[in-house]
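As structure tokens, the structure follows; a few thoughts come after it.
Start at 1 with the first residue, then count along the sequence. Model, not experiment: these values are computed from the prediction. All values below were derived from every heavy atom in this structure, side-chain atoms included, with hydrogens, water molecules and symmetry-related copies excluded. Every number for a ligand or one of its atoms is a count from 1 in the order of the listing.
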Amino acid sequence: MKGLISIITFLIVGILTAFYIGFGFPDATESTAVDVEIVGLHEKFTLKFSHVVAENTPKGLAAAYFAELVSEKTGGWVEIQVYPNGVLYDAQEEFDALKNGEVQMIAPAFSEVTVRDPKWIVMDLPYLFDSEAKVEQAFEGSVGELLLKSIEREGFKGLAFWDNGFKQLTNNVRPIILPEDVHGLLFRVMPSEALFKTYQTVGAAAVTISFNDVYNALRDGVIDGQENTLSNIYSKGFYQQQQYMTITNHNYLGYVVLIDPEFWRTLPEVYQSSILEAMEEVTAWQRHHARELNKEMLERIAVGSNIEIYEQTEEERAVWRKALKPLYDVYEPIIGKELLDEFAKLQNDY
Ligand code: LMR
């Protein structure tokens with residue numbers, strides 16, 4: 001019996017040594033990296049992260065930085081493979097790919113989320129936020145919590161809110177100053193019911209087109225205009241196909257970073273912590289960076305094109321707000337009192 005125990009001990013030690021020497025471990029490049037030897041983890045995890053925008057945008061840069069940080073923090077044992085520009089899926093296909101386990105992470109715009117969870121329509125109400133500080137407060141407070149809880153019921157685990165910035169309006173027909181200026185025009189929007197209604201309310205029409213087809217639709221005159229952030233307008237070249245841009249800041253374009261909850265449960269706790277830590281760092285970094293990037297893109301558009309840029313005044317903003325106010329009542333039953341009350345509290349805080 002004693003002999004048998006010695007043989008078993010010898011075999012276990014031998015196998016472990018061979019595993020260590022034969023396969024080795026990736027180098028931890030940072031002191032914060034998980035020590036897989038100590039925690040006894042020997043399985044590499046790979047996550048596909050799909051998104052639809054260019055790499056030089058707030059989301060594109062955040063995804064790349066996140067991949068780098070996770071690799072550092074896990075000593076290479078968790079790899080995030082980023083697929084930008086919609087090379088794998090368009091924005092709506094991404095949700096299904098996440099559910100089917102074809103990708104593990106996505107970061108859709110709020111307007112895309114409304115298709116899966118109509119409560120998110122709240123984020124598409126026009127002129128909901130009048131400053132980035134208010135947006136940040138919403139993300140970090142009860143509004144953020146309620147939205148994440150709500151999307152979790154639809155089978156998605158939300159990890160963070162990422163920023164892009166306020167949306168601006170471009171078109172090829174005329175300068176847009178007051179609501180009557182959009183009469184009869186056709187705009188491309190993301191597939192959110194509230195966005196269609198926004199344009200209808202002021203006598204225009206809207207159509208959904210995948211983000212990566214918008215450039216061609218503008219070029220071919222299929223649509224008159226579109227709404228987007230400056231970094232998206234610049235990085236996808238929309239400004240090259242448009243004559244007029246109004247700085248309206250009428251909606252906020254933000255993202256929710258979603259992970260497949262089943263995949264999340266398979267991850268050892270220590271890697272979950274590393275991912276959350278990386279997410280927190282990237283989220284803080286990208287918030288500041290998104291603002292800077294959008295500013296820079298405005299300058300580039302102004303200098304590098306003939307597009308006529310008009311900045312909406314406070315008085316004009318008030319006219320738009322009044323014209324679009326009925327939408328708040330239309331969507332109240334869908335959004336729910338709880339969420340709307342939180343927004344009301346937010347408004348009062350200022
Ligand atoms: C869009 O217009 O579809 C984009 O704003 C999408 C995105 O993810 O930024």
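A 4.5 Å side-chain heavy-atom check between Tyr83 and Tyr89 finds every atom pair outside the cut-off. For the pair Arg219 and Phe238, the minimum side-chain heavy-atom distance is 4.5 Å or more.
The pair Arg300-Glu296 meets the salt-bridge criterion, with a side-chain N (NZ, NE, NH1 or NH2) lying under 4.0 Å from an Asp/Glu carboxylate O. For Lys345 and Glu342, the salt-bridge test passes: some basic side-chain N is under 4.0 Å from an acidic carboxylate O.
The ring-ring contact (aromatic ring centres under 6.0 Å, His included) test applied to Phe156 returns Phe95, not counting sequence neighbours.
With Phe161 as the fixed residue, the ring-ring contact (aromatic ring centres under 6.0 Å, His included) test singles out one of Phe139, Tyr252, Tyr255: Phe139.
Protein residues with any heavy atom under 4.0 Å from ligand 1: Val52, Val53, Lys59, Arg188, Met190, Phe211, Asn228, Asn232, Leu253, Tyr255.
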